[in-house]
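Nothing here was measured: the structure is a model prediction, and the numbers come from that model.
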Amino acid sequence: EGWVYVCAVLDLFTRKIVGWAIAGHMTRERVLDALRMAYAKRKAGRGLIFHSDRGSQYASAEVRRWLAERGLRQSMSGTGNCYDNARMESFWHSLKVEETRGQDFATRAQAQHCVFAYSEGSYNTTRMHSSLGYQSPTHFERAYRVQSLKAANDTPINKHSNHSPSAQLNKKAT
C-alpha cells in the first residue's frame with residue numbers, strides 16, 4: 001500500500017508515548033490526530049510546551065491554532081539542528097531498530113498494529129530508560145505518583161499558622 005508516516009507525541013518527563021497517528025501521508029491532520037490523542041490521555045494544562053521539528057505539518061496554521069485554543073505553547077527545533085529534538089529522534093531510532101527493521105507490511109493496518117504494539121505494549125510498559133533510573137515509562141510514572149501522594153499525605157497541616165484565615169481572624173478580634 002506504499003509508505004507509512006508516523007507522528008508521535010512523547011511526554012518528556014516520563015518518556016512515554018502519549019499520542020500517535022499513522023497514515024499514508026504526513027500532513028497537519030496526522031499531527032492533530034496525535035495531539036488529540038495525547039491531549040485526551042494527559043488532560044494537559046495551560047502552558048504545556050509542544051516541541052517539534054520545523055516540518056510544514058507542525059508549523060501549519062491549524063496546528064498552531066489548535067495548540068493556542070488550549071493554552072499550549074509551541075517550540076520548534078532550530079533550523080538544521082537535530083539535537084533540539086533528540087528525545088523524539090531517539091524514539092524513532094528505537095522503533096526502527098527494535099521493531100520494524102527488515103519488516104515489510106502487506107497493509108498499512110499491519111504497520112499500524114506494529115506501531116501500536118511497540119508504543120503501547122513495549123516501549124511504554126517494559127523498555128527501560130537510563131534517564132528514568134532504568135525503569136519503564138509506565139513504572140516511572142506510577143512510582144512518581146505514589147511518591148507525590150505520599151509526600152502530600154505526609155505534609156503536616158498547621159492549624160495555628162499565623163497566615164491561616166483563622167489566625168488572621170483571631171488577630172483582628174483581639
Side-chain angles (χ1 to χ4, degrees), residues 1-132 135-142:
E1 293 182 325
W3 286 93
V4 293
Y5 296 87
V6 181
C7 179
V9 178
L10 179 133
D11 180 319
L12 191 55
F13 178 65
T14 65
R15 300 299 196 268
K16 188 179 244 186
I17 297 298
V18 294
W20 60 276
I22 187 169
H25 300 297
M26 180 50 86
T27 63
R28 66 185 176 278
E29 200 53 44
R30 293 304 70 73
V31 175
L32 289 169
D33 289 344
L35 283 169
R36 287 180 190 115
M37 180 189 289
Y39 190 78
K41 280 184 179 181
R42 289 299 208 215
K43 310 290 189 265
R46 299 185 71 76
L48 183 111
I49 299 171
F50 172 64
H51 183 79
S52 70
D53 64 24
R54 292 187 168 274
S56 62
Q57 66 274 22
Y58 298 106
S60 73
E62 291 88 347
V63 168
R64 292 185 354 218
R65 185 177 322 109
W66 189 90
L67 292 166
E69 286 170 355
R70 286 150 187 82
L72 309 178
R73 296 175 27 206
Q74 187 171 28
S75 169
M76 290 188 174
S77 298
T79 303
N81 188 348
C82 63
Y83 300 109
D84 284 350
N85 210 19
R87 300 294 187 272
M88 203 63 231
E89 294 299 334
S90 178
F91 170 76
W92 296 131
H93 174 78
S94 298
L95 174 66
K96 290 174 186 174
V97 169
E98 297 172 11
E99 189 64 28
T100 64
R101 178 163 284 164
Q103 289 192 49
D104 288 324
F105 301 103
T107 65
R108 286 193 178 109
Q110 285 179 341
Q112 184 171 353
H113 176 74
C114 183
V115 170
F116 169 78
Y118 180 73
S119 300
E120 304 288 345
S122 176
Y123 187 86
N124 284 347
T125 59
T126 60
R127 189 177 191 285
M128 293 186 287
H129 295 256
S130 60
S131 63
L132 302 177
Q135 300 176 79
S136 71
T138 298
H139 185 266
F140 174 81
E141 188 173 54
R142 280 188 197 135

Legend entry - Derivation of the side-chain contact (heavy atoms from CB on, under 4.5 Å) call for L35 and L67: CA-CA 9 Å; L35 283 169; L67 292 166; 4.1 Å; yes
Inset, instruction - Could you check whether the rings of W20 and F116 sit parallel, tilted or perpendicular, using 30° and 60° as the cut-offs? - result: tilted
Inset, instruction - Could you tell me which non-hydrogen atom of R64 sits nearest to which non-hydrogen atom of Y58, and how far apart they are? - result: CG-O, 4.5 Å
Inset, instruction - State the CZ-NZ distance between F91 and K96, to the nearest 0.5 angstrom. - result: 10.5 Å
Inset, instruction - Any chance you could measure M128, atom CE, to S136, atom OG, to the nearest 0.5 Å? - result: 9.0 Å
Legend entry - Where G78 and R54 come nearest, the two heavy atoms and their spacing: C-NE, 3.8 Å
Legend entry - salt bridge (charged side-chain N to carboxylate O under 4.0 Å, His left out) partners of E62, counting only residues at least two apart: R28
Inset, instruction - Using modelled atom types only, decide if a donor and an acceptor are shared between the side chain of R15 and the backbone of L12 within a distance under 3.5 Å. - result: yes
Legend entry - Interatomic spacing from CD in E29 to OG in S60 - rounded to 0.5 Å: 9.5 Å
Inset, instruction - Apply side-chain contact (heavy atoms from CB on, under 4.5 Å) to L72 and I49, showing your working. - result: CA-CA 6 Å; L72 309 178; I49 299 171; over 6 Å; no
Inset, instruction - Could you tell me whether the side chain of T100 reaches within less than 4.5 Å of the side chain of Y118, counting heavy atoms only? - result: no
Inset, instruction - Please tell me if the side chains of M37 and D33 come closer than 4.5 Å, counting only heavy atoms from C-beta onward. - result: no
Legend entry - Centroid-centroid distance, Y123 to H129, less than 6.0 Å: yes
Inset, instruction - Taking the side chain as every heavy atom from C-beta outward, state whether F105 and C114 have any pair of such atoms under 4.5 Å apart. - result: yes
Inset, instruction - Return the set of residues passing salt bridge (charged side-chain N to carboxylate O under 4.0 Å, His left out) with K41 (not counting sequence neighbours), or none when no residue passes. - result: E120
Inset, instruction - Can you measure from CD (Q74) to CH2 (W66) and round to the nearest 0.5 angstrom? - result: 11.5 Å
Legend entry - Partners meeting salt bridge (charged side-chain N to carboxylate O under 4.0 Å, His left out) with E99 (sequence neighbours left out): none
Legend entry - Approximate separation, where rounding is to 0.5 Å, of H139 NE2 and T125 OG1: 12.0 Å
Legend entry - Backbone of A86 reached by a side-chain donor or acceptor of S90 within 3.5 Å: no
Legend entry - Contacts of R42 that satisfy salt bridge (charged side-chain N to carboxylate O under 4.0 Å, His left out) - sequence neighbours left out: D11, E141
Legend entry - Where G55 and D53 come nearest, the two heavy atoms and their spacing: N-OD1, 3.0 Å
Legend entry - Heavy-atom closest pair, residues V115 and I22: CG2-CD1, 4.0 Å
Legend entry - Atom pair CD1/OG of I17 and S94 - distance to nearest 0.5 Å: 9.5 Å
Inset, instruction - Heavy atoms only: give me the nearest L132-T14 pair and the separation to one decimal. - result: CD1-O, 3.2 Å
Inset, instruction - Determine, step by step, whether M76 and S52 satisfy the side-chain contact (heavy atoms from CB on, under 4.5 Å) criterion, reporting the C-alpha distance in whole Å, the side-chain angles of both residues, the deciding distance to 0.1 Å, and the verdict. - result: CA-CA 5 Å; M76 290 188 174; S52 70; 3.9 Å; yes
Inset, instruction - Apply side-chain hydrogen bond (donor to acceptor under 3.5 Å, both in side chains) to S77 and list each qualifying residue two or more places apart in sequence or on a separate chain. - result: H51
Inset, instruction - Grab the two heavy atoms, one from E1 and one from A109, that are nearest each other, plus how far apart they are. - result: OE1-N, 4.4 Å
Legend entry - All pairs passing salt bridge (Lys or Arg N to Asp or Glu O under 4.0 Å) where residues 68-81 contributes a residue, at least two apart: none
Inset, instruction - Please test L10 against R87 for side-chain contact (heavy atoms from CB on, under 4.5 Å), starting from the C-alpha separation and ending with a verdict. - result: CA-CA 8 Å; L10 179 133; R87 300 294 187 272; 4.2 Å; yes
Inset, instruction - Check whether any side-chain N or O of N124 sits under 3.5 Å from a backbone N or O of S119 as a donor-acceptor pair, and report yes or no. - result: yes
